[in-house]
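Structure, as structure tokens:
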Amino acid sequence: MSSHSSHGAVDLGAVQAPGFEAGRKLSLVAAVVGLAGALGLAAVQEGGWRHLQFAWLFGTMFFVTLGFGGLFFVLLQYITRAGWSVVVRRIAEHVMSTLPMVTLLLLPLVILAMMGNGDLFTWANLDKIRDHHPEELHLYEHKAAYLNGTFFLIRFAIYVAIWMAMARYFKSGSLAQDQDGDPVRTLRMQRVAAPCTLLFALSITFAAVDFMMSLDAPWFSTIFGVYVFAGSFLAFMSFLGLMTQRFENKGYLRGLVTPEHYHDIGKLMFAFVFFWSYIAFSQFVLYWYADIPEETLWFRHRIEGPFKDVSLVLLFGHIFIPFLGLLSRHVKRNRFGLKFWAIWLLVMQAVDLFWLIMPNYDSHHLHWPVLELLCLLSAGGVFTFFFLGSAANHALTPVKDPRLAESLAFENI
Amino acid sequence: MGTVMEAPMSNQDKAPAGVLALFDDVDSLLDACRRMRDAGYTRWEAHAPFPVHGLDKAAGIKPTVLPWIVLVCGLTGTGCAMLMQWWMNAHDYKYLISGKPFFSVPANVPVAFEMTILFASFAAFFGMLALNRFPRWSNPLFRMPEFRRVTADRFAIVVDPADPKFHAGAAFLGEIGAKQVLPVPADPSPAKFPVWVHMVGSLVTMAALIPVALIIRAHYVTSPNPPIHVVPDMDFQWKDKAQTSNPTFADGRAMRKAVAGTVSVDADVDPNLLSYQSGKSTMVDATGTTYRTDFPLPVTKELLALGEMKFGVYCAPCHGGSGYGDGPVHQRAMALETAGWIPPVNFHAETSLALSTGRLYDSIVNGVRGNMQSYASQLPTAEERWAVVAFIRALQRSQNASTSDLPQGMQPKEIK
């Protein structure tokens with residue numbers, strides 16, 4: 001059996017990342033161009049400022065959910081004492097460390113809600129509800145103790161603080177181990193990972209409720225947080241597969257990552273295609289069966305009218321087609337196969353967020369999502385800037401992790 | 001080549017069940033496996049005390065066909081589940097549940113999911129056993145004391161006599177590094193089951209038939225005793241069932257109407273559609289109430305299709321699919337000889353044909369004094385209610401048509 005003394009086997013040239021200066025510059029340009037384009041388009045479009053708020057939320061949430069996935073992946077590897085994933089864990093640590101920064105992109109929306117602007121978060125302006133939907137007013141008033149600007153800002157600050165603390169703790173611990181190779185760090189992080197997972201689950205559930213479910217304030221779904229989590233982790237696993245291949249194509253991680261690791265990434269993608277489907281259908285079927293008006297209204301906006309097509313895209317594109325596509329082990333171990341489904345599922349995550357957020361803007365019209373894509377570009381630029389910034393000048397693999405040898409020798413039966 | 005063990009006396013006449021070669025370490029096993037594979041051996045097996053990475057490849061084991069078996073069985077499970085639910089709910093015993101269609105895919109998904117998993121896991125488990133040719137009642141290898149160490153610190157290759165190169169196997173194994181090569185003595189255990197196993201098996205089978213027989217008997221025999229209630233508080237719930245009375249309320253009805261002024265989320269607020277007591281043309285019925293006789297909506301194919309669907313869901317259970325008042329609820333009440341049962345209205349009776357459109361609408365909204373309750377909440381919009389009225393009119397026309405209803409030029413000629 002393999003011994004645990006082969007740390008020195010790693011070729012440091014294959015793991016030491018350069019500064020990524022060009023990539024970081026390019027991503028800043030993308031962020032600025034996207035933002036300028038979005039602002040310009042919103043200025044000329046009628047009702048554009050309201051549209052921009054929704055599109056901004058959509059674009060940012062895509063990368064926030066990627067961060068959720070990265071954070072959870074790191075916690076999961078420590079809590080399960082996973083061996084296979086060590087060679088790719090560093091990429092997850094970098095994704096995780098973008099989470100607080102990308103979340104801060106939502107701050108303007110929070111401030112607008114605090115100032116009583118009900119364009120995006122209708123609960124922020126009860127006077128408008130009183131004028132336009134007096135029959136719903138009592139539902140809003142009932143929830144006002146939770147859904148109000150001040151408390152929203154407090155919760156937002158708590159989320160950012162929690163995620164920043166967790167991301168910093170696990171990333172700095174892992175980087176410090178690169179220097180001293182102290183296995184006690186791993187043991188300590190394993191212990192901390194368990195309570196952190198609880199905190200993670202609570203924080204992303206509340207965040208999902210705050211930023212996406214509360215767009216339709218009278219509606220409620222107790223499974224919503226799990227739904228968002230399932231999509232987040234699926235999107236992150238797809239991103240991890242893509243990013244690992246990208247680094248490998250650039251000459252990093254060569255000889256460290258094998259088809260065995262891609263196979264495991266593919267297995268998690270496949271599992272979460274199914275988990276997402278299970279959760280999405282569970283949410284749907286309970287409301288469908290009970291058929292209670294205030295519960296079904298949310299789904300009516302999405303399965304009657306133009307968003308029916310988006311729902312069908314999700315049904316086939318997010319459930320049936322990738323399920324069959326990722327079923328075979330040969331696809332998961334094939335570079336092109338994994339890349340294809342990773343891109344496919346990332347697109348589906350965007351469609352899913354579009355489906356969650358945009359019907360609250362206008363469920364009667366489906367337009368070309370130009371503004372949404374500009375916002376996605378802008379938030380993506382910010383995400384990439386911090387991702388590459390975090391990755392720069394560190395080893396792309398935890399070179400002195402006590403389980404590195406296990407990961408290098410990993411083989412699926 | 002190592003020492004050859006003498007076969008036990010009892011089965012000297014039988015051919016050996018194979019050749020066993022023992023190795024000291026995992027590397028020489030892997031090496032031997034590669035050479036066996038390259039030499040073209042096909043019917044042989046490697047044994048190790050722990051899972052060895054890369055052994056499949058070294059032994060040239062092709063990917064198993066099991067995943068395909070699992071996939072096919074899983075899909076069969078999905079198909080069976082859909083077929084079963086269609087047959088039960090939409091064909092053999094049509095039973096309305098919360099106004100859903102008889103065959104509705106969302107309701108069928110959970111069962112289809114479970115059946116898919118069940119079939120697939122059975123296929124995986126039993127398919128694995130079958131592909132490994134299990135269960136086997138005895139294995140000659142387990143009778144060899146040398147083989148026991150394969151569960152601790154030895155590695156082995158066993159060649160099956162069915163291998164075309166079996167005759168050269170023993171010598172070849174010695175060449176490729178086996179520390180010991182032994183013939184596997186043929187299995188001395190009898191191929192047939194002992195008689196007592198047959199006896200016990202038959203007895204157990206017969207005993208297992210007793211509950212089945214009792215269930216079949218219960219199906220045909222009546223009993224004067226009341227049924228056994230295993231969970232009485234579920235069978236007798238502290239609630240009022242539909243269509244029963246409750247003296248707490250002034251009108252004695254257990255089913256309560258919606259609070260006055262309740263407006264459905266989807267309610268059509270066009271007052272012209274709601275006021276069935278005033279229209280362009282009206283009539284006064286026997287009770288002295290005025291009802292409209294005209295129809296406030298344009299009658300289109302879509303409206304009639306909506307009416308047909310809603311009629312099928314809410315009206316047909318009592319009034320029957322053709323409107324003769326002979327729906328399954330009525331037939332059941334007749335079969336049970338329910339006391340005080342008021343038969344549902346036959347829409348083709350002369351009194352029904354004379355009912356105004358407004359009166360039909362009123363019946364849907366407020367119910368009828370007999371035992372029909374209000375269907376206002378089931379048919380929340382005025383459009384749905386008028387659609388049902390239109391469909392009743394179409395039904396009446398279909399059963400009471402005259403030759404003058406035929407299009408011009410298609411009237412039958414008078415028979416002389």
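Residue numbering restarts at 1 for every chain, and letters A, B, ... go by the order of the sequence lines.
By the neighbour-count criterion of 12 heavy atoms within 6.0 Å, atom NZ of Lys339(A) is sparsely surrounded, having that number or fewer from other residues, nucleotides or ligands. Around the CZ atom of Arg81(A), the shell of radius 6.0 Å holds no more than 12 heavy atoms that belong to other residues, nucleotides or ligands. Dense packing is recorded around CZ of Arg256(B), with more than 12 heavy atoms of other residues, nucleotides or ligands lying under 6.0 Å away. Counting non-hydrogen atoms of neighbouring residues, nucleotides and ligands closer than 6.0 angstrom, the NZ atom of Lys94(B) reaches no more than 12 such neighbours. A 6.0 Å sphere centred on CE of Met84(B) holds more than 12 heavy atoms belonging to other residues, nucleotides or ligands. Annotation: Tyr289(A), atom OH; neighbour count of heavy atoms from other residues, nucleotides and ligands within 6.0 Å is above 12.
Contact annotation for Leu71(B): only side-chain heavy atoms (C-beta onward) come within less than 4.5 Å of a heavy atom of chain A. Heavy-atom distances place both the backbone and the side chain of Pro106(B) under 4.5 Å from chain A.
Within residues 266-288 of chain A, the residues that have a heavy atom under 4.5 Å from a heavy atom of chain B are Phe274(A), Tyr278(A), Phe281(A), Phe284(A), Val285(A), Trp288(A), listed by number.
To the nearest 0.5 Å, atom NZ of residue Lys57(B) and atom CD of residue Glu411(A) are 8.0 Å apart.
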